[in-house]
Amino acid sequence: MSDASTQDIAYMRHALGLATRAENEGEVPVGALVVLNGEIIGEGWNRPIGSHDPTAHAEIVALRAGAAKLGNYRLTGATLYVTLEPCPMCAGAMVQARVARVVYGATDPLAGSAGTVFDLLNTAALNHRAEVQGGVLAGECSRRLRTFFQSRRGRAGP
């Protein structure tokens with residue numbers, strides 16, 4: 001387990017609750033929220049299938065909600081919590097939003113862009129970098145995804 005604070009764990013549990021909403025809608029169970037000054041300003045869960053929108057990842061939905069609440073696309077000083085390591089699209093959006101910190105649960109060995117496959121949140125090639133903390137409730141986050149995909153494969157047959 002990562003060296004997570006009690007607050008990080010509480011917010012990640014909230015993100016796991018949002019992941020449940022995604023799963024209940026037939027989406028990959030990923031949840032995200034944006035926190036600024038101790039207040040949740042945006043939350044989201046995966047919705048690309050139901051919304052017919054390839055950009056409707058949990059992080060993007062949460063970033064959009066937070067930006068709308070603030071009336072500003074820049075979320076300077078905010079922390080984004082997400083149950084799965086961000087993909088390149090989502091990490092790029094976090095850079096554009098100037099998110100200060102990203103906390104994720106499970107690593108993504110296929111597309112993780114917070115250090116696993118790519119490190120878009122900390123590359124000197126971009127104009128903004130974010131502090132990254134991975135592995136918060138990683139076991140729970142990974143288990144949720146693994147169980148989801150195992151049940152999908154079970155229904156799909158051999």
Side-chain angles (χ1 to χ4, degrees), residues 1-19 22 27-49 51 53-146 148-149:
M1 179 165 144
S2 66
D3 187 22
S5 72
T6 304
Q7 184 175 17
D8 287 342
I9 292 168
Y11 284 129
M12 190 59 72
R13 288 205 187 286
H14 186 95
L16 278 163
L18 296 169
E27 305 274 359
V28 175
V30 177
L33 56 126
V34 179
V35 176
L36 182 63
N37 300 323
E39 177 189 354
I40 296 172
I41 61 167
E43 50 183 41
W45 54 93
N46 268 4
R47 305 189 76 188
I49 298 167
S51 66
D53 180 357
T55 69
H57 290 195
E59 302 96 307
I60 300 295
V61 174
L63 287 168
R64 287 177 179 157
K69 180 165 183 145
L70 294 183
N72 190 341
Y73 77 95
R74 289 193 173 170
L75 303 175
T76 308
T79 298
L80 188 140
Y81 293 86
V82 61
T83 57
L84 178 64
E85 182 180 4
C87 73
M89 175 184 69
C90 293
M94 291 171 206
V95 168
Q96 294 302 313
R98 310 299 194 271
V99 169
R101 185 168 176 250
V102 176
V103 179
Y104 69 87
T107 59
D108 183 350
L110 300 176
S113 296
T116 299
V117 178
F118 306 106
D119 199 1
L120 293 178
L121 295 169
N122 279 301
T123 179
L126 298 176
N127 64 339
H128 176 75
R129 282 167 282 300
E131 176 188 335
V132 175
Q133 177 161 7
V136 176
L137 298 180
E140 284 183 54
C141 294
S142 296
R143 202 167 18 265
R144 172 78 54 94
L145 288 161
R146 193 170 42 254
F148 174 80
F149 286 114

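Numbering starts at 1 and runs along the sequence shown. Values reported hereafter were calculated over all heavy atoms of this structure, with side chains retained and with hydrogens, waters and symmetry mates removed. Source: prediction; values computed, not measured.
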Glu85-Thr107 side chain donor-acceptor pair, cut-off 3.5 Å: no
Kindly indicate whether the side chain of [X], heavy atoms from C-beta on, has any atom under 4.5 Å from the side chain of [Y].
{"X": "Arg144", "Y": "Thr83", "answer": "no"}
{"X": "Leu84", "Y": "Tyr104", "answer": "no"}
{"X": "Pro88", "Y": "Ser113", "answer": "yes"}
{"X": "Tyr81", "Y": "Val34", "answer": "no"}
{"X": "Pro109", "Y": "Val117", "answer": "no"}
{"X": "Val30", "Y": "His57", "answer": "no"}
{"X": "Val136", "Y": "Ile9", "answer": "yes"}

Donor-acceptor contacts under 3.5 Å from residues 121-128 side chains, at least two apart:
| unit_1 | atom_1 | unit_2 | atom_2 | d |
| --- | --- | --- | --- | --- |
| Asn122 | ND2 | Ala130 | O | 3.3 |
| Thr123 | OG1 | Ala125 | N | 3.2 |
| His128 | NE2 | Val99 | O | 2.7 |

Taking atom [atom1] of [X] and atom [atom2] of [Y], what is their separation to the nearest 0.5 Å?
{"X": "Met94", "Y": "Met89", "atom1": "CE", "atom2": "CE", "value": "9.5 Å"}
{"X": "Ser5", "Y": "Tyr11", "atom1": "OG", "atom2": "OH", "value": "9.5 Å"}
{"X": "Glu59", "Y": "Leu63", "atom1": "CD", "atom2": "CG", "value": "7.5 Å"}
{"X": "Leu36", "Y": "Ile41", "atom1": "CG", "atom2": "CD1", "value": "5.0 Å"}
{"X": "Cys141", "Y": "Leu16", "atom1": "SG", "atom2": "CG", "value": "4.0 Å"}

Identify all side-chain donor-acceptor contacts of residues 68-78 below 3.5 Å with residues at least two apart in sequence or on another chain.
| unit_1 | atom_1 | unit_2 | atom_2 | d |
| --- | --- | --- | --- | --- |
| Lys69 | NZ | Glu39 | OE2 | 2.9 |
| Asn72 | OD1 | Arg74 | N | 2.9 |

Suppose we screen for side chain to side chain donor-acceptor pair (under 3.5 Å). Which residues come up paired with [X], at least two apart in sequence or across chains?
{"X": "Arg13", "answer": "Glu140"}
{"X": "Arg101", "answer": "Asp8, Glu131, Gln133"}
{"X": "Asp53", "answer": "Thr55"}

Residues 106-124 vs salt bridge (Lys or Arg N to Asp or Glu O under 4.0 Å), sequence neighbours excluded, gives none
**Study point:** Exam field: side chain Glu27 to backbone Ile49, donor-acceptor pair closer than 3.5 Å
**Key:** yes
